[in-house]
Novice: 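Take a look at this one; I'll ask things after.
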Number of protein chains: 2
Amino acid sequence: MKYRKSKQRNKILEILKNTNTHPTVDWIYDKLKKDFPKLSIGNVYRNLNILVEQKLVRRMDFGSTFDRFDAVRAPHYHFICEQCGAVIDLDLSYDDKLNQKAMDSSGCKVHDHKIQFYGLCDKCKNKLQQHQQQ
Amino acid sequence: MKYRKSKQRNKILEILKNTNTHPTVDWIYDKLKKDFPKLSIGNVYRNLNILVEQKLVRRMDFGSTFDRFDAVRAPHYHFICEQCGAVIDLDLSYDDKLNQKAMDSSGCKVHDHKIQFYGLCDKCKNKLQQHQQQ
DNA sequence: GTTCATGCAAATCGTTTGCACAATG
DNA sequence: CATTGTGCAAACGATTTGCATGAAC
């Protein structure tokens, strides 16, 4: 599919490249609205879908009712805080052997995998400790 | 929270225990409707939420627009076919060390993780091969 | 008999889409 | 000028919820 340039779409990609918080559509919309006051939320959805199709952006799905997005980089795993919902990139190296293991055990053709870790992020961990000491 | 007995809820759990396909709400609804012709879809949602709260059922989220459910058993990983959407339990052993690794690299308190593998299931793999040979 | 579960329909939420107009090439 | 992108609002699909009635205790 061939697309024309769009200032809005360019800016969305730029915003995503400069963020590591895996933002939601609403967050992106609010941020972009400063540059395009008439911006509609539908257009943010439309452009995010195009960017995903172009493989410049990845749609992420961590079990919430809404999606999150980030600019595509090297494959990595994620941590999700069960308290505040924050999504944090992990510095663990991507385990290529896992795909082969899954392939051997299932007979399916496996070409990728995702890992999500769950628990409490640093902030929430500390808040909880303070709470318990009171 | 204390709940009364409900024939509908019991049957939902029974259905889930006898299935390994991680069914959707609609699938469960259709199946349950044979026993309870007046059944409403809202009640299936309500009871699934209760079962999840009681930790008898797990809500699964594989990136589709709808949720899937299964009766809780030993932790295991999943394969998702990108062609037909099938979700298949894998026989890989749960890697306890992974949580510790994630904890070390992030500073977060990690207590669980999920792994999803992506690719083509056996059926879809074969279909594709037949297609290419024609 | 009081309280919770149910069916039904309306409401909600995130997302998509149809349309008239504006921007791109 | 032909075509795609946009804002707007309506439509959509999955899920939740308010309410009157029925089942559980």
Side-chain angles (χ1 to χ4, degrees), chain A residues 1-16 21-54 56-70 80 84-87, chain B residues 1-16 21-54 56-70 80 84-87:
Chain A
M1 204 67 97
K2 175 69 185 137
Y3 295 106
R4 293 186 178 169
K5 277 186 193 171
S6 139
K7 290 170 186 170
Q8 288 87 334
R9 186 158 66 244
N10 279 353
K11 186 71 187 175
I12 290 178
L13 185 54
E14 191 190 308
I15 288 176
L16 284 176
T21 56
H22 317 79
T24 62
V25 173
D26 284 342
W27 189 93
I28 298 169
Y29 173 67
D30 286 343
K31 196 140 204 209
L32 201 60
K33 189 131 192 170
K34 284 160 194 160
D35 289 304
F36 305 94
K38 288 190 189 166
L39 181 70
S40 73
I41 188 87
N43 195 35
V44 177
Y45 278 102
R46 239 178 326 226
N47 278 314
L48 281 169
N49 282 338
I50 292 174
L51 288 168
V52 168
E53 186 188 325
Q54 296 177 329
L56 296 170
V57 164
R58 194 182 303 141
R59 181 193 313 273
M60 344 205 62
D61 179 41
F62 297 118
S64 20
T65 55
F66 43 82
D67 285 343
R68 291 172 167 273
F69 295 86
D70 74 350
I80 296 110
C84 69
V87 176
Chain B
M1 203 69 99
K2 174 69 187 135
Y3 296 106
R4 293 187 178 168
K5 275 187 194 171
S6 140
K7 290 172 185 167
Q8 287 87 335
R9 186 157 67 244
N10 279 352
K11 186 72 186 174
I12 290 178
L13 184 55
E14 192 191 308
I15 288 176
L16 284 176
T21 56
H22 316 79
T24 62
V25 173
D26 283 342
W27 189 93
I28 298 168
Y29 173 67
D30 286 343
K31 197 140 204 208
L32 200 61
K33 188 130 192 171
K34 283 161 194 160
D35 289 303
F36 305 93
K38 287 191 190 166
L39 180 70
S40 72
I41 187 88
N43 195 35
V44 178
Y45 279 101
R46 243 179 323 228
N47 277 315
L48 280 170
N49 283 338
I50 292 175
L51 289 168
V52 168
E53 185 189 323
Q54 296 177 329
L56 296 171
V57 163
R58 195 182 301 142
R59 180 194 313 275
M60 343 205 62
D61 178 40
F62 297 118
S64 22
T65 55
F66 43 84
D67 287 343
R68 290 172 169 274
F69 296 86
D70 74 351
I80 297 112
C84 69
V87 176

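Just so we're on the same page: letters track the sequence lines, and every chain starts at 1.
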Novice: Roughly how far, to the nearest 0.5 Å, is the CG atom of A:L13 from the CD1 atom of A:I50?
Specialist: 12.0 Å
Novice: Can you work out whether B:N43 or B:K5 has the more 5'-proximal nearest nucleotide on DNA chain D?
Specialist: B:N43
Novice: Is it true that a side-chain atom of A:R9 and a backbone atom of A:R4 form a donor plus acceptor pair closer than 3.5 Å?
Specialist: yes
Novice: Return the 5'-most residue of the pair B:R4, B:I41 with respect to DNA chain D, ranking by each residue's nearest nucleotide.
Specialist: B:I41
Novice: Could you state the CG-P distance from B:D35 to C:dT6, rounded to the nearest angstrom?
Specialist: 14 Å
Novice: Rounded to whole angstroms, how far apart are OH on B:Y45 and C1' on C:dA11?
Specialist: 15 Å
Novice: Mind calculating the distance between CZ (A:R68) and P (C:dT15) to the nearest angstrom?
Specialist: 11 Å
Novice: D:dT6, OP1 or OP2 - any side-chain N/O from A:Q8 closer than 4.0 Å?
Specialist: yes
Novice: Would you mind telling me which of C:dT6, D:dA24, C:dT15 lies closest to the side-chain atoms of B:K7?
Specialist: D:dA24
Novice: Could one point to a donor on the side chain of A:R46 or the base of C:dT17 with an acceptor on the other under 3.5 Å away?
Specialist: no
Novice: Rounded to the Å, how far apart are B:L48 CG and D:dA14 P?
Specialist: 15 Å
Novice: With rounding to the nearest 0.5 angstrom, report the CH2 to OG1 distance, B:W27 to B:T21.
Specialist: 5.0 Å
Novice: In whole angstrom, what separates B:Y29's OH from D:dT15's P?
Specialist: 14 Å
Novice: Is B:F66 touching bases, backbone alone, or none of the nucleic acid, heavy atoms closer than 4.0 Å?
Specialist: sugar-phosphate
Novice: Would you classify B:L39 as touching base, sugar-phosphate or nothing, given that sugar-phosphate means primed atoms plus P, OP1 and OP2, and contacts are heavy atoms under 4.0 Å?
Specialist: sugar-phosphate
Novice: Output yes when at least one side-chain N/O atom of A:S6 is less than 4.0 Å from OP1 or OP2 of D:dT6, else no.
Specialist: yes
Novice: Would you kindly give the CD1-to-P distance between A:I50 and C:dT17, to the nearest whole Å?
Specialist: 12 Å
Novice: Quick one: pull up CD1 in B:I12 and CG in B:N43 and give me the separation to the nearest 0.5 Å.
Specialist: 7.0 Å
Novice: From the list D:dG5, D:dG7, D:dT15, which nucleotide is the closest neighbour of the side chain of A:K38?
Specialist: D:dG7
Novice: Can you tell me which nucleotide in C:dT15, D:dC8, D:dC25 comes closest to the side chain of A:S40?
Specialist: D:dC8
Novice: Distance-only, no hydrogens or angles: does the B:Y3 side chain make a donor-acceptor pair with backbone N or O of B:L51 under 3.5 Å?
Specialist: no
Novice: Measure CD1/B:I28 against P/D:dA14 and give the value in whole Å, please.
Specialist: 14 Å
Novice: Using a heavy-atom cut-off of 4.0 Å across all strands, would you classify A:D26 as base, sugar-phosphate, or nothing?
Specialist: nothing
Novice: Atom CG of B:N49 to atom P of D:dT17: distance rounded to whole Å?
Specialist: 9 Å
